[in-house]
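All heavy atoms count here, side chains included; hydrogens, waters and symmetry mates do not.
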Amino acid sequence: MLDNVVQVAIHVLRRKGPNEFEFILGKDHLNLSPTVIRVVEELHGLYSSRASKAYGAFAEDAVNYPAQTFIGDFEKGGYRDFATLTKNLMGSLTVQAQTRSAAGGGNVLFAHFVKDAQVYLMVAVVTEKLGALLTSDLDVKDVTHLDFEGFRFAGRVNVTSWLNGGDRYIGFLKGKGNVAEYFKEFLGCTTTRQDKTDTTRLIEALEEFSEPAKGHVSDRAEFLQRAFAICQRYAREDMSLDFDTFANELFPSEPEVLTKALADPNRALGDGFKPNQRALSALVRYRAATPYWSLDLDRRAIAEGKASYDPERRTLTLRELPEALIAKLDRNSESDVIDHV
């Protein structure tokens, strides 16, 4: 759920001919009726659940990619001039659409909202769909409505994160092929693949998903071990991770539930990266060190009772120590007793 939907506008991007578009401005601000708020909530929910997203930051070239300037001016003006912001962004979107022969038009929804105390701007291109309506006198007539499920282009800017120096505050649907690139260019977004960072974020997502309190996974150690094996295969074969395919293999009973967790835009984790082999070990091992000891523990040790952790005492107990280690500890223990006599 969104904390607050602040401002919404819908304009139209229309194709005039080959590589030629125009835009038609709608109202400066839509009345924030329950229907409008529901539309924004539903679109944001659909955007959040889509697996194939990419993340990045504004390009340094603000002249050719002016979205950051428009949004910056909007913020500096106290978020008041929504009409100028959306008009300027429609101009940029029109220019970028004309660079892609396969780009299509549609209704362009702009939503300024707050979620988890963060300010966002979402842009989504939504086409229309013909449906049927059952009237009060039980007749049927045609009705045109927004095709939520079919929307392909959407982006979200976390304005708060941008102003606070974040590194992945823009997200957008990647879609298929390079058609969606014009939407990325419109946002002025540069993406960098950081395989090690993304692998670490993937591990965090899988650990959170498999927490007993979530109720998704009955055997957490086995789940993470399988995730490790699958990711290792991707790494060995130099393959990029696809969340839908990955979720179907790892969690075939309810893959859409896992996909939704991985695709959560608040995590800023996009697919398409290649798992980093070194970082992957955190899926199956605990590692830590102090000036007095170092630890490298397989997660299965706890699952199989070879080790146990007491969260209240904050202690870790190891069982079935190797005979060589026991003998060495025994010798040192005897020596310590003699030294203290």
Side-chain angles (χ1 to χ4, degrees), residues 1-2 38-55 115-116 122 124 126 129 146-156 168 171-176 180 195 197-237 239-277 279-286 298-300 302-304:
M1 292 289 292
L2 306 180
R38 180 180 62 81
V39 165
V40 174
E41 290 268 11
E42 188 167 344
L43 276 176
H44 185 263
L46 287 169
Y47 165 79
S48 299
S49 66
R50 294 286 177 88
S52 189
K53 290 192 284 287
Y55 296 90
K115 178 176 171 56
D116 300 328
M122 182 177 73
V126 187
K129 185 177 181 180
L146 297 175
D147 181 15
F148 288 172
E149 295 291 344
F151 87 108
R152 293 183 300 159
F153 306 117
R156 193 185 79 162
R168 288 189 180 185
F172 63 95
L173 298 181
K174 290 194 293 187
K176 301 298 181 182
D195 292 344
T197 299
D198 287 332
T199 301
T200 300
R201 292 187 183 190
L202 173 66
I203 291 169
E204 291 171 353
L206 292 171
E207 288 181 330
E208 183 179 317
F209 180 81
S210 60
E211 287 175 356
K214 300 284 185 182
H216 299 309
V217 177
S218 57
D219 189 333
R220 191 183 194 201
E222 191 270 341
F223 173 83
L224 295 175
Q225 187 68 42
R226 282 194 294 115
F228 175 70
I230 294 169
C231 288
Q232 265 206 324
R233 191 183 71 241
Y234 274 90
R236 284 196 310 269
E237 297 177 4
M239 292 171 53
S240 296
L241 201 68
D242 176 89
F243 283 163
D244 285 326
T245 304
F246 177 66
N248 273 299
E249 183 175 359
L250 177 59
F251 201 59
S253 59
E254 291 183 290
E256 67 284 351
V257 177
L258 177 56
T259 299
K260 184 177 180 181
L262 298 178
D264 182 353
N266 293 326
R267 199 178 297 282
L269 173 65
D271 60 3
F273 66 93
K274 297 174 183 177
N276 179 275
Q277 292 223 43
L280 278 174
S281 63
L283 266 174
V284 292
R285 309 195 75 82
Y286 295 110
D298 193 308
R299 285 176 180 263
R300 289 174 296 183
I302 293 179
E304 297 173 8

If we only count heavy atoms from C-beta on, is the Pro255 to Phe246 side-chain gap below 4.5 Å? no
Please answer whether the main-chain N or O of Ser48 pairs with a side-chain N or O of Lys53 as donor and acceptor at a distance below 3.5 Å. yes
Side-chain contact test, heavy atoms from C-beta onward, threshold under 4.5 Å: evaluate it for Leu262 versus Thr259 and give yes or no. no
Considering non-hydrogen atoms only, spot the tightest contact between Ala227 and Leu283 and give its length. C-CD1, 4.1 Å
Test side chain to side chain donor-acceptor pair (under 3.5 Å) applied to Ser281 - qualifying residues, sequence neighbours left out: Arg287
Less than 4.5 Å apart, any side-chain heavy atom of Arg50 and any of Lys260? no
Side chain to side chain donor-acceptor pair (under 3.5 Å) with Glu204: which residues, sequence neighbours excluded? none
Is there a side-chain contact between Glu208 and Arg267 in this structure, where contact means two heavy atoms from C-beta onward sitting under 4.5 Å apart? yes
At their closest point, which heavy atom of Thr199 faces which heavy atom of Asn276, and how far apart are they? OG1-N, 2.8 Å
Check whether any side-chain heavy atom of Leu206 sits under 4.5 Å from a side-chain heavy atom of Leu250, and report yes or no. yes
For residues Ser52 and Leu173, determine if any side-chain heavy atom of one lies less than 4.5 Å from a side-chain heavy atom of the other. no
So, using side-chain contact (heavy atoms from CB on, under 4.5 Å) as the criterion, who are the partners of Ala261 when residues are at least two apart? Phe209
Could you work out, with side chain to side chain donor-acceptor pair (under 3.5 Å) as the rule, every residue matching Glu304, not counting sequence neighbours? none
Within the 4.5 Å heavy-atom criterion, are Phe153 and Phe172 side-chain neighbours or not? no
Atom of Ala279, atom of Ile203 and distance for their closest heavy-atom approach: O-CD1, 3.1 Å
Less than 4.5 Å apart, side chain to side chain, heavy atoms only: is that true for Val126 and Val39? no
Heavy-atom closest contact (Phe243 atom, Leu202 atom, distance): CE2-CD1, 4.5 Å
Basic-acidic side-chain contact under 4.0 Å: Lys274, Asp195: no
Can any side-chain N or O of Arg168 pair as donor or acceptor with the backbone N or O of Tyr55 at less than 3.5 Å? no
What residue pairs, at least two apart or across chains, pass side chain to side chain donor-acceptor pair (under 3.5 Å) with a residue in residues 209-219? Ser210-Arg220
Applying side chain to side chain donor-acceptor pair (under 3.5 Å) to Thr245 and not counting sequence neighbours gives Asp242
Determine whether Arg236 and Gln277 satisfy the following criterion, side chain to side chain contact (heavy atoms under 4.5 Å, CB included), listing intermediate values before the conclusion. CA-CA 8 Å; Arg236 284 196 310 269; Gln277 292 223 43; 4.1 Å; yes
Scanning both residues in full, the closest heavy-atom pair of Tyr47 with Pro265 reads CE2-CB, 4.1 Å
For Ser49 and Ala263 the tightest heavy-atom approach is O-CB, 4.1 Å
Using a 6.0 Å distance limit plus a 45 degree cone around the ring axis, check whether Arg299 lies over the aromatic ring of Tyr286. yes
Hey, is Lys115 close enough to Glu41 for a salt bridge, meaning N to O under 4.0 Å? no
